[in-house]
Amino acid sequence: MNHHASIGNTARIWPAERRDQRRTANLLSGQGGDEEDADPVWVTVLLADSQPAVRYRVRSALENVSGIAVIGEAATANATIAETFRHRPDVLIIDPQLGESATVDVISRVSRVAPETRVLVLSAADDDTAVRSAIQAGARGYLVKGADLDQVIRGVQVVAAGEAIVGKAIAVRFSALLRSALGPEPYPFPQLTTREREVLDRIAAGKSNATIARDLALAQKTISNRVSAVFGKLGVADRAQAIVLARDAGLGRG
């Protein structure tokens, strides 16, 4: 029997949800206790890359790994969407350079047509903008082309398991990238208006009403009214309590 054909057929018979049904049926019938006796569980992969040589290299590596089945390839964005919808792979490995559509658009469209498919980006670009955009669009992993094939294999396994992975070159700055991708943290006191926040930020920094008035080019009476409004909304009795509350929330430390 042709090995490649048997893997492809097995992958189509046992997609993710039906694998779970099979495990449940085996347990109920008393047949699922021994891993060796169970049907093989394949991680199905779709390759999307405009370069045939890259697809061949990655496919050859993945097909030598037990439990991974490459079930399709695509060279353009539109073909990627169509093949993803057709096969519903566990993992989509995608290259950003797909011609007629940006990677983030493809990733977003994949999430709509096949929300169970997890995306692993394999890109020649490792700049912050590219990584951040892919993460914002929903990618679970980001590896740089040139990574050894063992890392690509591990990337497939990690992403298929519902976890995230990035290349070594990206990992050193990933925390900052993730924070910027997720956007700024929400202001800790949403009940305050923008102008009241300006006042509280300066109160937390230890500034007096007169100094705040000069900073904001406003009358001291206006600042005094805003300070009273801030105290009322925060439920504090005086300036000292407001400073403690604000600093505990991270304000006034800049």
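The first residue in the sequence is number 1, and the count goes up from there.
A donor-acceptor pair is defined here as one N or O able to donate and one able to accept, closer than 3.5 Å; no such pair exists between the side chain of T80 and the backbone of A74. Between the R140 side chain and the V159 main chain, no donor and acceptor come within less than 3.5 Å of each other. Using a distance-only test at 3.5 Å, with no hydrogens or angles considered, no donor-acceptor pair links the side chain of S60 to the main chain of R57. Using a distance-only test at 3.5 Å, with no hydrogens or angles considered, a donor-acceptor pair links the side chain of Q241 to the main chain of A237. Between the side chain of T44 and the backbone N or O of D90, at least one donor-acceptor pair lies under 3.5 Å.
One distance of note links CD of Q136 with CD1 of I107; it measures 11.0 Å at 0.5 Å rounding. Residue L234 holds its CG atom at 8.5 Å from CD1 of I203, rounded to the nearest 0.5 Å.
No more than 12 heavy atoms of other residues, nucleotides or ligands sit less than 6.0 Å from atom CZ of R154. Residue R247 qualifies as enclosed at atom CZ: its count of foreign heavy atoms under 6.0 Å is above 12.
Shown here for Q220 and A213, the closest heavy-atom pair between the two residues is CG-CB, 3.9 Å. The two atoms that bring Y142 and L120 nearest to each other are N-CD1, 4.0 Å, heavy atoms only. Taking both residues in full, the closest heavy atoms of F189 and L200 are given as CD1-CD2, 3.6 Å, listed atom of the first, atom of the second, then distance. In terms of heavy atoms, V106 sits closest to I94 at CG1-CD1, 3.4 Å. Between L46 and E73, the shortest heavy-atom distance links the atoms CD1-N, 3.5 Å. Contact record, V45 with V156: CG2-CG1, 3.7 Å, taken as the closest heavy-atom pair.
For R86 and E83, the salt-bridge test passes: some basic side-chain N is under 4.0 Å from an acidic carboxylate O.
Grouping the Ile, Leu, Val, Met, Phe, Trp and Tyr side chains by contacts below 4.5 angstrom, directly or via other members, places Y56 apart from L92.
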